[in-house]
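The structure appears right after this line, and notes come after that.
Residue numbering restarts at 1 for every chain, and letters A, B, ... go by the order of the sequence lines.
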Amino acid sequence: MTIRLQDTLSGETRPLEPLEPGHVRVYTCGPTVYGPAHIGNFRSFLFADLLVRYLRYRGLRVTWVMNLTDIDDKIIRGAAAEGITTVELADRYAERFLADAAGLGMSRPEVLPRATEHIPQIADLVGRLRDGGHAYRTDDGSWFFRIASWPAYGRLARLDPEAMRVGERVESDEYGKDDVRDFALWKGPKPGEPSWDTPIGHGRPGWHIECSAMSMTHLGPSFDIHTGGVDLVFPHHEDEIAQSEAATGQPFVRTWMHCAHLRLGGEKMAKSRGNIERVADLLAAGVSPRALRYALMAVHYRAPLNYTDESLPAAAAAVERFDALLAALAAYREDRPDDPTLPALLAEIRAGFEAGLDDDLNISAAMAAVFDGVRELNRRLADRSVSGADAARAAGLLRELDAVLGIAAPAADEAGPELVALLEARVAARAARQWTESDRLRDELAARGIAVEDTRDGQRWRRVVTTGG
RNA sequence: GGCGACGUGGCGAAGAGGCCUAACGCGGGGGUCUGCAAAACCCUUAUUCGUCGGUUCGAAUCCGACCGUCGCCUCCA
């Protein structure tokens, strides 16, 4: 089996064939750090994380680049409103973004480039577009991309460039354009705004150019995968393609992958609509990061995901089912010969998991294989039909799959002295058949988020997956 | 107005011509196990896949119309 991914540009689902065999280069359109990201934003970042984790699981080397856009209109406005510099504002929210990402168990990209650290590359790109006749300068020192010079414009978004003239809405501050459809590569200097002195003049980057500059700087003029939310298809990615390919003359991205929106109340979650939830708020309210991660990840990335009051409890229950098996496998002790049919079962689980994810990251199919395996393993544990070594092998497989999913409780979870004392006291109380005392201790542990279970393998404990409510 | 996606059980969701009298997760009901629990397991919970037509020996899966939802066309993950 090979990994097949759907490409937005061609509309085709094709086998992944990295430009450099065995090495996949991935660029993810990261956040503009003008404020805290919401969980809708994180859905698309978690999708990229799933992709990268799976590619690595499949033995591919991955270079993952995710930008942080740290200069734009909103950052300038936000900084002005607070009376701080754009650098201070951007730093604050970049830090916050990384904290949220870490909280959700996202892997850290190899490179987290910032727009303001790529000004020379951006200016160089604009210079090349100018030389190629694709860019022109206006009186205020801005540079625009001339869409008329790029016949392929509109292909990604399937928009007819001619038709775009009709519903034109002219931005008041960009009246110098030759054509309303042209987009800004570089914005001329304005009083009170940060600007850089470059060979193409004073000013600051437009919105789209920094992603072209950063992706090509770190991944080369052509690379394998570019991800982002569907709302970036137009104009952001359309513009990226135009300016990148016009500048280099080479195909920019092999596979464009776009994540559908997270919805709340039936509508796209968006700051402007006010229907947002934030990672830090949810975690502070006691939501398990693993439950949140699962809730945002467990639906295919190209399907809209409706976030409701039931999302978190359902996700937490599923995660807990996975945890409970892992805990049972860890506690399992049985001195008997290995189950000769276990390897086939484990192979079947792995095969189902891979078949699902190979198919354009079909997470539902992959999870179905995992949970089929969970049921069968639980059965064998209940039957005591596997050996202790078998249990360890099964746990090994689940841990391996979880390197992709990132939902399991840590393997080595230390209880800490206070909990250890309570757990040991309960074991003693039960041994002495002091049920009232043992039940009291169970309640006390429950109040600390610990579930205890009495099994043939002794008392077992695990942390409850919470949902904040 | 243009372009596009989608409508499967109480909820989420896979399936894209026969293996579907439809996975998987959550929830509900009944049971087994347990000191009681929990976890787990077993049984059960859609003869049906938005509606109406059509193609086919055969359709949730293909075609058409209609209804509905959402998105993009503007900042946006």
Side-chain angles (χ1 to χ4, degrees), chain A residues 8 11 28-32 34 37-48 72-74 154 157-160 163-164 166-171 207 227-236 238 258-263 266-273 294-295 298-325 327-328 331 352 356 359 362-383 430 433-436 438-439 442-443 446 451-456 460-462 464:
Chain A
T8 307
T28 294
C29 268
T32 297
Y34 69 99
H38 56 72
I39 61 174
N41 301 322
F42 274 100
R43 182 193 185 194
S44 76
F45 301 136
L46 283 171
F47 139 67
D72 91 319
D73 294 358
K74 286 180 187 162
R158 285 162 232 283
L159 288 172
D160 177 1
M164 289 171 59
V166 180
E168 68 190 43
R169 279 167 264 191
V170 184
E171 298 94 302
W207 173 35
T227 78
V230 270
D231 46 9
L232 294 184
V233 171
F234 192 89
H236 188 53
E238 190 71 60
H258 291 102
C259 180
H261 288 135
L262 181 68
R263 295 183 190 165
E267 284 190 316
K268 166 185 175 179
M269 181 175 287
K271 195 181 178 188
S272 56
R273 303 188 195 212
Y294 186 87
V299 170
H300 185 84
Y301 73 92
R302 279 190 286 103
L305 196 177
N306 208 16
Y307 183 83
T308 70
D309 291 344
E310 290 178 28
S311 302
L312 252 14
V319 166
E320 226 166 350
R321 180 162 163 78
F322 197 71
D323 276 359
L325 172 58
D359 180 19
N362 186 338
I363 187 79
S364 297
M367 291 312 299
V370 170
F371 281 110
D372 275 335
V374 167
R375 179 182 310 102
E376 186 53 35
L377 288 168
N378 273 324
R379 264 187 210 135
R380 297 189 188 203
L381 252 31
D383 292 349
R430 291 195 77 243
R433 305 183 70 77
Q434 293 167 357
W435 309 130
T436 314
S438 78
D439 289 352
R442 182 166 63 200
D443 290 345
V452 289
E453 287 149 12
D454 304 311
T455 75
R456 192 162 149 182
R460 207 160 70 194
W461 70 274
R462 63 191 161 77
V464 173

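The side-chain heavy atoms of A:H38 and A:L262, taken from C-beta on, include no pair separated by under 4.5 Å.
Here B:rU74 presents its P atom at 14 Å from CG of A:L232, a figure rounded to the nearest Å. Distance, A:R375 CZ to B:rC41 P: 7 Å, rounded to whole Å. B:rA77 atom P lies 9 Å from atom NE2 of A:H261, rounded to whole Å. The interatomic distance linking A:F234 (CZ) with B:rA77 (P) rounds to 17 Å, in whole Å. Atom CZ of A:R263 is separated from atom P of B:rG12 by 11 Å (rounded to the nearest Å).
Judged by distance alone, with hydrogens and angles left aside, A:D454 brings a side-chain donor or acceptor within reach of the base of B:rC36, the pair sitting under 3.5 Å. Checked by distance alone, A:R442 brings a side-chain donor or acceptor within 3.5 Å of a matching partner on the base of B:rA37. Counting distance only, with no hydrogens placed and no angle test, the side-chain atoms of A:R456 and the base atoms of B:rC33 include no donor-acceptor pair under 3.5 Å. Remark: the A:N306 side chain and the B:rG12 base include no donor-acceptor N/O pair separated by less than 3.5 Å.
Separation of the P atoms belonging to B:rG10 and B:rA46 is 9 Å when rounded to the nearest angstrom. Separating the P atom of B:rU21 from that of B:rA13 is a span of 24 Å, rounded to the nearest Å. Taking atom P on both nucleotides, B:rG53 is separated from B:rU48 by 16 Å, rounded to a whole Å. On the C1' atoms, B:rA59 is 16 Å away from B:rG50, given to the nearest whole Å.
Residue contacts shown for A:V452 include a base, since a base heavy atom lies under 4.0 Å away. Note on A:D231: a base of the nucleic acid sits closer than 4.0 angstrom, heavy atoms only. Across all strands, A:G40 comes closer than 4.0 Å to base atoms (heavy-atom distances). As judged by a 4.0 angstrom heavy-atom cut-off over every strand, A:S311 is placed among residues making no nucleic acid contact. Among the atoms of the strands shown, only primed sugar atoms or phosphate atoms (P, OP1, OP2) are found under 4.0 Å from some heavy atom of A:V299. Within the nucleic acid shown, A:A327 has no heavy atom closer than 4.0 Å to any nucleic acid atom. As judged by a 4.0 angstrom heavy-atom cut-off over every strand, A:D372 is placed among residues touching the sugar-phosphate backbone only. Contact annotation for A:A318: backbone-only contact, meaning every heavy-atom pair under 4.0 Å involves sugar-phosphate atoms and none involves a base.
When both pairing distances are held under 3.5 Å, B:rA46 makes no Watson-Crick or G-U pair with any nucleotide shown. Pairing partner, B:rU32: B:rA40, with both Watson-Crick or wobble hydrogen-bond distances short of 3.5 Å. Nucleotide B:rC70 forms a Watson-Crick or G-U wobble pair with B:rG4, both donor-acceptor distances falling under 3.5 Å. Under the Watson-Crick or G-U wobble criterion, with both distances below 3.5 Å, B:rC57 is paired with B:rG18. Nucleotide B:rG64 is matched to B:rC52 when pairs are restricted to Watson-Crick or G-U wobble geometry with both distances under 3.5 angstrom. Using the Watson-Crick or G-U wobble rule with both distances under 3.5 Å, B:rG12 pairs with B:rC24.
In this model, the phosphate group of B:rA40 is approached by a side-chain N or O of A:R321 to a distance below 4.0 Å at OP1 or OP2. Checking the phosphate oxygens (OP1, OP2) of B:rG2, no side-chain nitrogen or oxygen of A:R158 falls inside 4.0 Å. Here A:K268 reaches the OP1 or OP2 of B:rC72: one of its side-chain N or O atoms lies under 4.0 Å away. Between A:N378 and B:rA40, a side-chain N or O to OP1/OP2 separation shorter than 4.0 Å is absent. Proximity of A:N362 to the phosphate of B:rA14: no side-chain N or O atom is located under 4.0 Å from OP1 or OP2.
Using a 4.0 Å cut-off between a side-chain N of Lys or Arg and a carboxylate O of Asp or Glu, A:D383 and A:R380 do not qualify as a salt bridge.
Along RNA chain B, the nucleotide nearest to A:M269 and the one nearest to A:S364 differ in position, and the one closer to the 5' end is contacted by A:S364. Ranked by how close their nearest RNA chain B nucleotide is to the 5' end, A:R433 and A:H300 are led by A:H300.
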